[in-house]
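Protein chains get the first letters and strands the later ones, always in sequence-line order, with residue 1 at the start of each.
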Protein chains: 2
Amino acid sequence: MTDLTRTFAALADTTRLSLVEYLMRNGEQPASALAGLTDISAPAVSRHLKVLREAGLLHQRVAGTHRYYSVRPEAMRLVSDWTIDHRAFWAGSLDRLDTLLALDPEGEDE
Amino acid sequence: MTDLTRTFAALADTTRLSLVEYLMRNGEQPASALAGLTDISAPAVSRHLKVLREAGLLHQRVAGTHRYYSVRPEAMRLVSDWTIDHRAFWAGSLDRLDTLLALDPEGEDE
DNA sequence: TCATTGATTAGCGCAAGTGTTAATTAGCAG
DNA sequence: CTGCTAATTAACACTTGCGCTAATCAATGA
């Protein structure tokens, strides 16, 4: 299994994807805050966090008894680069204007 | 499971990722050509193709006894859009110049 | 019709993933 | 030291995923 497939595997679970998206929106969060996001038990969340960490998606900061998690930008970058590597295929078949506008530095308004 | 997690799950296998990348590089291919790419049996490849098709990543064209597969650009677009939706997080923490250059229409030289 | 070829589906076994509750580890406060 | 809290790990059950071989389905050609 490559880094890329491991990354995709880590994101191929609704709970884990939610955790990653939440951390991207809200920045570093303690495990307790993340456990409260879902209906599943705390140990289950802890294991999902471990999967994400071992796949390189999350960084863990230890402070006392608390563990603070944050998304590693490199992981997102890995996915982004993969799509970019193949954009000659998919972007050529679609309207690429949206993509260009979305990545234009002048267009940062959301 | 959402469309996005299903897409990630489909890409979270080295065999399937290889199939998708091969099809993006070489365009539409018959199942026979794809079966020859790996060491696993033809039925196993057929099943991977089914997973990819049901996840919306591949299109299947039937012609006689032959099945021709190709990547659906929309699927790649889904992944690309996801990274773009969160670029405020990951691109801000890294050197964004690479990404912008990579997507600049003038920079298509690879 | 019948055999051949391309491709898929069926059935089986085994490994991996995900949930639970219970137990454990580690830090902090008294 | 003892208890409390945050978080993880252990143990178990169940489900899903992936490989194989055998069987089936569909189109083609003698």
Side-chain angles (χ1 to χ4, degrees), chain A residues 1-23 26-71 75, chain B residues 1-23 26-71 75:
Chain A
M1 199 176 228
T2 66
D3 286 352
L4 191 54
T5 53
R6 205 185 325 277
T7 300
F8 285 141
L11 296 171
D13 176 277
T14 51
T15 299
R16 287 197 294 266
L17 183 62
S18 297
L19 289 171
V20 169
E21 292 185 330
Y22 181 83
L23 286 170
N26 303 99
E28 189 188 55
Q29 297 288 329
S32 57
L34 300 173
L37 293 179
T38 72
D39 292 335
I40 65 176
S41 64
V45 172
S46 179
R47 202 142 78 193
H48 280 303
L49 291 172
K50 184 179 186 179
V51 170
L52 288 167
R53 187 156 42 80
E54 291 180 346
L57 276 87
L58 297 188
H59 171 74
Q60 183 192 58
R61 181 169 67 86
V62 177
T65 60
H66 296 255
R67 308 293 153 85
Y68 294 88
Y69 288 92
S70 55
V71 177
Chain B
M1 199 177 231
T2 66
D3 285 352
L4 192 54
T5 53
R6 205 185 327 276
T7 299
F8 285 141
L11 296 171
D13 176 275
T14 52
T15 299
R16 288 196 294 265
L17 183 61
S18 297
L19 289 171
V20 170
E21 292 185 330
Y22 181 83
L23 287 169
N26 303 98
E28 188 186 57
Q29 298 288 329
S32 56
L34 301 174
L37 293 179
T38 72
D39 291 337
I40 66 177
S41 66
V45 173
S46 180
R47 202 182 229 166
H48 280 304
L49 291 171
K50 185 179 185 179
V51 170
L52 287 167
R53 187 157 42 81
E54 290 180 347
L57 275 87
L58 298 187
H59 171 74
Q60 183 193 56
R61 181 169 66 85
V62 178
T65 61
H66 296 255
R67 308 293 153 85
Y68 294 89
Y69 289 92
S70 55
V71 177

On the nucleotide dT18(C), are OP1 or OP2 found under 4.0 Å from the side-chain N or O atoms that Thr15(A) carries?
no
Spacing of Leu34(B) atom CG relative to dT8(C) atom C1', expressed in whole Å:
14 Å
Using OP1 and OP2 only, check whether a side-chain N or O of Gln60(A) sits under 4.0 Å from dA7(D).
no
Given dG6(C), is OP1 or OP2 found less than 4.0 Å from the side-chain N or O atoms of Thr65(B)?
no
Has Ser46(B) got a side-chain atom pairing as donor or acceptor with Ala42(B)'s backbone, closer than 3.5 angstrom?
no
OH of Tyr68(B) versus P of dG6(C): gap in Å, rounded?
11 Å
Between His66(B) and dA27(D), is there a contact of a side-chain N or O with OP1 or OP2 at under 4.0 Å?
no
Could you work out which one of dG19(D), dT18(C), dA7(C) sits closest to the side chain of Ala31(B)?
dA7(C)
Give one of base, sugar-phosphate or nothing for Tyr69(A), where a contact means two heavy atoms less than 4.0 Å apart.
sugar-phosphate
With respect to the phosphate group of dG19(D), does any side-chain polar atom (N or O) of His48(B) fall under 4.0 Å of OP1 or OP2?
yes
Whole-Å distance, Leu11(A) CG to dG17(C) C1', equals 16 Å
Evaluate the side chain to side chain contact (heavy atoms under 4.5 Å, CB included) criterion for residues His48(B) and Ile40(B): first the C-alpha distance (whole Å), next the side-chain angles of each, then the deciding distance (0.1 Å), finally the verdict.
CA-CA 11 Å; His48(B) 280 304; Ile40(B) 66 177; 3.8 Å; yes
How long is the line joining CZ of Arg47(B) and C1' of dC20(D), in whole Å?
10 Å
Heavy atoms under 4.0 Å, any strand shown: does Ser41(B) hit a base, just sugar-phosphate, or nothing?
base
Separation of dT8(D) atom P from Leu58(A) atom CG, nearest Å, is 11 Å
If you compare every side-chain N and O of Lys50(B) against the phosphate oxygens of dT9(C) (OP1, OP2), does one of them come in below 4.0 Å?
yes
What is the separation between atom CG on Leu52(B) and atom C1' on dT8(C), rounded to the nearest whole Å?
15 Å
Rounded distance in Å - CE (Met1(B)) to C1' (dT18(C)):
12 Å
Classify the nucleic acid contact of Arg53(B) as base, sugar-phosphate or nothing, counting any heavy atom under 4.0 Å across all strands shown.
nothing
Pick one: which of Val51(A), Leu57(A), Leu11(A) meets side chain to side chain contact (heavy atoms under 4.5 Å, CB included) with Arg16(A)?
Val51(A)
Phosphate-side-chain proximity, Arg67(A) and dA26(C), N/O vs OP1/OP2 below 4.0 Å:
no
The answer to which of Arg16(B) and Ala33(A) contacts DNA chain D further toward the 5' end, by nearest nucleotide, is Ala33(A)
To the closest 0.5 Å, what do you measure between CE (Met1(B)) and OG1 (Thr7(B))?
9.5 Å
Distance in Å, Leu23(A) CG paired with Glu21(A) CD, rounded so as to fall on 0.5 Å steps:
10.5 Å
Nearest-nucleotide comparison on DNA chain C, the residue closer to the 5′ end among Ile40(A) and Val45(B)
Val45(B)
In whole angstroms, the gap separating P of dT18(C) from CG of Leu17(A) amounts to 13 Å
5'-most contact on DNA chain D (nearest-nucleotide basis), Pro43(B) vs Val51(B), goes to Val51(B)
Taking any heavy-atom pair under 4.0 Å as a contact, classify Ala44(B): base, sugar-phosphate, or nothing.
sugar-phosphate
Taking Arg67(B) for the side chain and Ala31(B) for the main chain, is one N or O donor matched with an acceptor at less than 3.5 Å?
no
